[in-house]
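In this text, all values refer to a predicted model and were calculated from it rather than measured experimentally.
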Amino acid sequence: MTTQYFIDKTNECYSALYSGLLTAAQSSDPEAIHRFRVDVKNFVGLMVFVFELKRDALWPNTMIFQLKPYYKLSGKIRNINVVKDLLSAHFDEVPDGFYNYLEGQLLRRQNEFEALTSDIDLPKAEDVKNEVSLLMAASTFSKELLERHLFDNKVKALSLISDNSPGEEWHAARSFFKRNYLLSKLLLAEVMDDVKLSENRILEQELGFWHDIVVLTKTYDRYLLTNDCSSSPSFRKQLCELKQSREKLIYQSTQEVV
């Protein structure tokens, strides 16, 4: 893997996210939002690694900061769509009015995203490529350094899970596993065995599903507060059982990779 290969992949990822943002801005399709967010994660993972190579560089963090408003608001839309999918897939009965509340929230967030993306303020792909090329020319880059970066991410993620009760730290751990999977798929897929590649994928998906349940719980609590409703005992019980079973599975899975 050469420096030029890394530069080309970075440019490819940025072009994809820029195009994906334009598509997501013009479409209410949940998949368009999801695809854009994956593209952002690909690019941000590369930027974090560039910063590891050249700690005095300000530009990688500036790029991440510029993407944040689009990523954050698209995440609010994505969360609502995920909650709707969870309800239809795992719950036989949904409290009255909850779906209507979700549809109202979704429309509000979509309108906010449409307003935000009416004037997209991001650099062009050629400018990004030039900046990355300059940074990489002044950095030491190798496959071994990338593998070390992935290993450090894995250690941090496992520590966040083992040292903390389920909470924000677990969500941060998911980000490390997700970043590892995407970076590996982007840059090392041809030389990494399937078992190693799938290890990060399995853990980030398990943590992702757990986080989806957390988001559903928080969304349901906001719905109850906003509408002054009483909680459904059976729905709450099913939520808790689903969350606890996933937490148990995550503990088991992380023990297997230690």
Do [X] and [Y] come within less than 4.5 Å of each other through their side chains, counting heavy atoms only?
{"X": "Gln205", "Y": "Phe177", "result": "no"}
{"X": "Trp170", "Y": "Ile250", "result": "yes"}
{"X": "Glu52", "Y": "Asp152", "result": "no"}
{"X": "Leu150", "Y": "Lys154", "result": "no"}
{"X": "Tyr220", "Y": "Pro95", "result": "yes"}
{"X": "Leu242", "Y": "Phe91", "result": "yes"}
{"X": "Trp59", "Y": "Val128", "result": "yes"}
{"X": "Lys41", "Y": "Ser175", "result": "no"}

Okay, side chain of [X], backbone of [Y]: is any donor-acceptor separation there less than 3.5 Å?
{"X": "Thr226", "Y": "Tyr223", "answer": "no"}
{"X": "Ser231", "Y": "Pro233", "answer": "no"}
{"X": "Asn227", "Y": "Cys229", "answer": "no"}
{"X": "Ser19", "Y": "Ala16", "answer": "no"}
{"X": "Asn130", "Y": "Glu126", "answer": "yes"}
{"X": "Ser118", "Y": "Ala115", "answer": "yes"}
{"X": "Asp127", "Y": "Pro123", "answer": "no"}
{"X": "Ser162", "Y": "Leu158", "answer": "yes"}

Starting at [atom1] of [X], measure out to [atom2] of [Y] and round the result to the nearest 0.5 Å.
{"X": "Leu182", "Y": "Leu187", "atom1": "CG", "atom2": "CG", "value": "10.5 Å"}
{"X": "Leu22", "Y": "Thr117", "atom1": "CG", "atom2": "OG1", "value": "8.5 Å"}
{"X": "Leu21", "Y": "Arg37", "atom1": "CG", "atom2": "CZ", "value": "12.0 Å"}
{"X": "Arg222", "Y": "Lys218", "atom1": "CZ", "atom2": "NZ", "value": "8.0 Å"}
{"X": "Cys13", "Y": "Leu186", "atom1": "SG", "atom2": "CG", "value": "4.5 Å"}

[atom1]/[X]: more than 12 non-hydrogen atoms of other groups inside 6.0 Å:
{"X": "Asn111", "atom1": "CG", "answer": "yes"}
{"X": "Glu168", "atom1": "CD", "answer": "no"}
{"X": "Gln66", "atom1": "CD", "answer": "yes"}
{"X": "Phe151", "atom1": "CZ", "answer": "no"}
{"X": "Asp56", "atom1": "CG", "answer": "yes"}

When you check the side-chain N and O atoms of [X] and [Y], is any donor under 3.5 Å from an acceptor?
{"X": "Asp8", "Y": "Gln4", "answer": "yes"}
{"X": "Ser159", "Y": "Asp163", "answer": "yes"}
{"X": "Lys124", "Y": "Tyr18", "answer": "yes"}

Inset, instruction - Please identify each residue that fulfils side chain to side chain contact (heavy atoms under 4.5 Å, CB included) with Gln105, with sequence neighbours left out. - result: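 Expected list: Ile80, Tyr101, Arg108.
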Inset, instruction - Kindly determine whether His149 and Leu145 satisfy side-chain contact (heavy atoms from CB on, under 4.5 Å), including the steps that lead there. - result: CA-CA 6 Å; His149 176 69; Leu145 285 173; over 6 Å; no
Determine, for [X] against [Y], whether the closest basic-nitrogen to carboxylate-oxygen distance falls under 4.0 angstrom.
{"X": "Glu112", "Y": "Arg109", "answer": "yes"}
{"X": "Asp85", "Y": "Arg78", "answer": "no"}
{"X": "Lys237", "Y": "Glu241", "answer": "yes"}
{"X": "Glu144", "Y": "Arg148", "answer": "no"}
{"X": "Glu206", "Y": "Arg174", "answer": "no"}

Are [Y] and [X] linked, directly or through intermediate hydrophobic residues, by side-chain heavy-atom contacts shorter than 4.5 Å (ILVMFWY only)?
{"X": "Tyr71", "Y": "Ile120", "result": "yes"}
{"X": "Tyr5", "Y": "Phe43", "result": "yes"}
{"X": "Leu249", "Y": "Leu86", "result": "no"}
{"X": "Leu53", "Y": "Phe51", "result": "no"}
{"X": "Phe176", "Y": "Trp210", "result": "no"}

Inset, instruction - Any chance you could lay out the side-chain contact (heavy atoms from CB on, under 4.5 Å) test for Leu87 and Phe98, step after step, and finish with the verdict? - result: CA-CA 10 Å; Leu87 291 173; Phe98 192 29; 3.9 Å; yes
Inset, instruction - Please step through side-chain contact (heavy atoms from CB on, under 4.5 Å) for the pair Met136 and Thr10, ending with a clear verdict. - result: CA-CA 11 Å; Met136 295 304 288; Thr10 304; over 6 Å; no
Inset, instruction - Give the intermediate values and the outcome of side-chain contact (heavy atoms from CB on, under 4.5 Å) for residues Ile161 and Leu207. - result: CA-CA 10 Å; Ile161 294 170; Leu207 283 160; 3.9 Å; yes
Inset, instruction - Kindly indicate, with the supporting measurements, whether the criterion salt bridge (Lys or Arg N to Asp or Glu O under 4.0 Å) is fulfilled by Glu247 and Lys243. - result: CA-CA 6 Å; Glu247 287 168 358; Lys243 182 171 176 287; 2.6 Å; yes
Inset, instruction - For the pair Phe36 and Phe113, name the ring-plane relationship: parallel under 30°, tilted 30 to 60°, perpendicular over 60°. - result: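 If you compare the ring of Phe36 with that of Phe113, the planes turn out tilted.
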